[in-house]
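Everything on this sheet refers to the single structure shown next.
In what follows, chains carry the letters A, B, and so on, assigned in the order in which the sequence lines appear, proteins first and then strands, with residues in each chain numbered from 1.
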Protein chains: 2
Amino acid sequence: MKPPAPRRRVTIVDVARHAQVSTTAVSKVLRNAYGASPEMRAKVRRAIDELGYRPHAGARGLRGQTYTIGVMLPDIRNPFFPEVLDGITQALEDTEYQVLLGPGCNGEKAEARVTEAMIDRGMDGLILVAPVSSRTRLEHVASAVPTVVVGRHGSSPGYDAVVNDDIEGASLVVGHLAGLGHRRIAHIEHHETDPTRLAEMPNARRADGYRQAMRALGLAEWIDVVSTSYTQEGGYRGAKELLERPQRPTAVFAGADVVAMGVLDAVAEAGLSVPDDISVAGYDNTTFAAFGLISLTSVDQAGHEIGRNAARLVLERITDRHTPSVQVSLAPTLVPRRTTARPPE
Amino acid sequence: MKPPAPRRRVTIVDVARHAQVSTTAVSKVLRNAYGASPEMRAKVRRAIDELGYRPHAGARGLRGQTYTIGVMLPDIRNPFFPEVLDGITQALEDTEYQVLLGPGCNGEKAEARVTEAMIDRGMDGLILVAPVSSRTRLEHVASAVPTVVVGRHGSSPGYDAVVNDDIEGASLVVGHLAGLGHRRIAHIEHHETDPTRLAEMPNARRADGYRQAMRALGLAEWIDVVSTSYTQEGGYRGAKELLERPQRPTAVFAGADVVAMGVLDAVAEAGLSVPDDISVAGYDNTTFAAFGLISLTSVDQAGHEIGRNAARLVLERITDRHTPSVQVSLAPTLVPRRTTARPPE
DNA sequence: CTGAAAGCGCTAACAA
DNA sequence: TTGTTAGCGCTTTCAG
């Protein structure tokens, strides 16, 4: 059995003929542009409905816009990003813009491929979530198309930015733990060598925030940072190392929830219990953290708000490419759960 | 400070002029089309590199292809789908095709919006993962663009399909539990009313497979199905109900891992322990399931393979739209972990 | 307010 | 093998 022959697409010419007007008129109605009488609009609208006409985005893009916003997500598996995405789509839901996602961006090469692909497809604006590419590269992208960078500290005149205040977030965790009576609070960070990224990436800021908060609370002597990676495996290795210390920490602040998962694993394996023997906190407030059996104390970044702001900014930037770039920083909140408690006597 | 003025894009005309050839020649080189001498190819390639030329996908789409494959994912949060996506992107990685994802497709309306948007953008092929839209709707989409449907049983001449053998998967779980000595094995299914979907959706097949397997093992009298939804909440409610039975089941087969999470929650709340008092199994083998502290027995659908097959099929369908449609069914495997054990004496 | 006509960047049909 | 030319479907001047 054969699939039916593909039908010819209804074009603007069909609509114009059917409505007895010019294609220009139809185009104006489509774009709500100035210069079309109410009667004409009504006539055209009717023709559009009757024919089931849909404008061809690619063809529109050749002269005007494609009404498409590209979103690049680094890791679809990290449960924090869907939150941001929801914020973006919700903010764009009532506009004519359609969101399209670029998948699987692990590393600079993949990011370059995806951003290029989006530019080639004439996207009107880009939202890059937690990109790892160099600043130069980001500015290059931004010079081709309005761009908002999410989750990278350090601003650029070339693009707008939305970040979470990671220093503050780390401080919330340390403060919470110290308030419970902990002194030996350790931190597991994501290993970072690149000097640019050292300044701009959230992971580095969280480690910084941890150190600053420890000092501010007079706990400088207990500062203890293990460098692994923001993965479950990294958390597991980091915790292993911490548990072998002569003086074991009584609390571990993992730089991300996935890391905390690995920590919980290692702690259980060592025959210790959480939070009686050791407290554990994460960052991101992912679904994992909220899950009853785990109930991980974490920091909420308000991903939804981050997304909404990014969407708003990219729309503004599309409308006016020449206003100065802006940076939005959102305050995180602490979500205390059952993995943190008073330290053992 | 103002963003730099956007540079004019390098076009095929620029390349042609720079290489001293016609635009046709450049176009041929771009598409590896017949009729260009090696010297010409080399010359054009060099010009392309020197100018940093990139073809404009929208413009290409107006005559030929856009080299874009659209993937629609129902719920980015469900950890099973990234697996499928990885399979797709990997299979497409060495081709000229770029994958773009449509976000947030919960419900028929959202699905329609996304599929329309993809068609409007001239995508060359679509992969629809676990769509809920009506068969008619899917065939409508497929009539406009080569389409592969993933995770819907029931074939159509209009589109290719890739599915997991859910009946077999359910059978693996029931067999495993029965082998451990369980008799009172209950199932939590996703409530389904729509008659079409009743036949085509994986959730319905899993419930069917459960019933068939129970009968085949002579356990028909213990068949016990609770209808809630494939969410953590649904699992929680379903388990609550099961735990109140005069004769409590000794094992619960949850139709999905997220459901099993809710079950674990409810079981813990009831003061029972897993697997000593009650065994729990899920379906999908998500990251959740693999996580050490949970260690959920589950069914692996080989999401990666599903994705690879879908990508392969869509490419074939783009090349030749007139071969008969095909259905691929992949066998699932059981992944026994620590939530299932012998029933209590 | 309305429409004719000229492209946007590319590919395909056709000539040379 | 190569180049010329006519569109693809739309937006955008620019006359009327």
Identify each atom pair where a protein N or O and an N or O of nucleotides 7-9 of chain C are less than 3.5 Å apart, giving names and distance.
from, atom 1, to, atom 2, distance (Å)
C:dG7, N2, A:R63, NH1, 3.3
C:dG7, N3, A:R63, NH1, 2.9
C:dG9, N2, B:A59, O, 3.2

> Given side chains that start at C-beta, do those of B:T89 and B:E93 come closer than 4.5 Å, heavy atoms only?
Replying inline: no

> NA contact type, A:R31, heavy-atom cut-off 4.0 Å: base, sugar-phosphate, or nothing?
Replying inline: base

>> Below the 4.0 Å mark, does D:dT2 have OP1 or OP2 next to a side-chain nitrogen or oxygen of B:S37?
In response: yes

> Just checking, is any N or O donor in the side chain of A:T68 or A:R121 under 3.5 Å from an acceptor N or O on the other one?
Replying inline: no

>> Before you tell me yes or no, could you show the steps for B:Q65 and B:I318 under side-chain contact (heavy atoms from CB on, under 4.5 Å), namely the whole-Å CA-CA distance, both residues' side-chain angles and the distance that decides it to 0.1 Å?
In response: CA-CA 10 Å; B:Q65 308 186 27; B:I318 289 171; 4.1 Å; yes

>> If you only use heavy atoms from C-beta on, which nucleotide in D:dG3, C:dT11, C:dT2 is closest to the side chain of B:L30?
In response: C:dT11

> Could you state the interatomic distance from CG (A:N164) to CZ (A:F80), rounded to the nearest 0.5 Å?
Replying inline: 7.0 Å

> Within the modelled atom types, does a donor on one side and an acceptor on the other bring the side chain of B:S27 and the base of C:dA12 under 3.5 Å apart?
Replying inline: no

>> So that I can tick it off, tell me whether A:K43 and A:E39 are bridged by a salt bridge, with the cut-off set at under 4.0 angstrom between side-chain N and carboxylate O.
In response: no

>> If I take atom CD in residue A:E39 and atom C1' in nucleotide C:dC1, what distance separates them, rounded to the nearest angstrom?
In response: 10 Å

> Counting any heavy atom closer than 4.0 Å, what does A:A36 reach on the DNA or RNA strands: base, sugar-phosphate only, or nothing?
Replying inline: sugar-phosphate

>> Tell me the interatomic distance from B:R121, atom CZ, to D:dC10, atom P, rounded to whole angstroms.
In response: 13 Å

> If you look at every strand shown and take non-hydrogen atoms under 4.0 Å, does A:V21 touch a base, only sugar-phosphate, or nothing?
Replying inline: sugar-phosphate

> Rounded to the nearest Å, what distance is computed from the CD atom of residue A:Q65 to the C1' atom of nucleotide D:dT12?
Replying inline: 14 Å

>> How long is the straight-line distance from OH of A:Y159 back to CZ of A:R135, given to the nearest 0.5 Å?
In response: 4.5 Å

> Is A:E116 salt-bridged to A:R137, cutoff N-O under 4.0 Å?
Replying inline: yes

> Does the side-chain contact (heavy atoms from CB on, under 4.5 Å) test come out yes or no for A:I88 and A:I69, once each step is laid out?
Replying inline: CA-CA 10 Å; A:I88 295 172; A:I69 305 289; 5.6 Å; no

> In whole angstrom, what separates B:Y34's OH from C:dA12's C1'?
Replying inline: 16 Å

>> My understanding is that only one of B:V326, B:V84, B:L313 makes a side-chain contact (heavy atoms from CB on, under 4.5 Å) with B:V162; could you say which?
In response: B:L313

>> Rounding to an integer number of Å, can you tell me how far A:R41 CZ sits from C:dC1 C1'?
In response: 11 Å

> Rounded to whole angstrom units, what separation is found between the CG atom of A:L51 and the P atom of D:dG9?
Replying inline: 14 Å

>> Here's a test for you: under side chain to side chain donor-acceptor pair (under 3.5 Å), which of B:R60, B:R9, B:Q98, B:H56 qualifies with A:D120?
In response: B:R9

>> So for A:T24 and D:dT12, does any side-chain atom that can act as donor or acceptor lie under 3.5 Å from a complementary atom in the base?
In response: yes

> Roughly, in whole Å, what's the span from CD in A:Q20 to C1' in C:dG3?
Replying inline: 14 Å

> Could you give the OH-to-P distance, from A:Y67 to D:dC10, as a whole number of Å?
Replying inline: 12 Å

> Axis-to-axis angle across the helix from C:dC1-D:dG16 to C:dA16-D:dT1, five pairs an end, to 10 degrees?
Replying inline: 40°

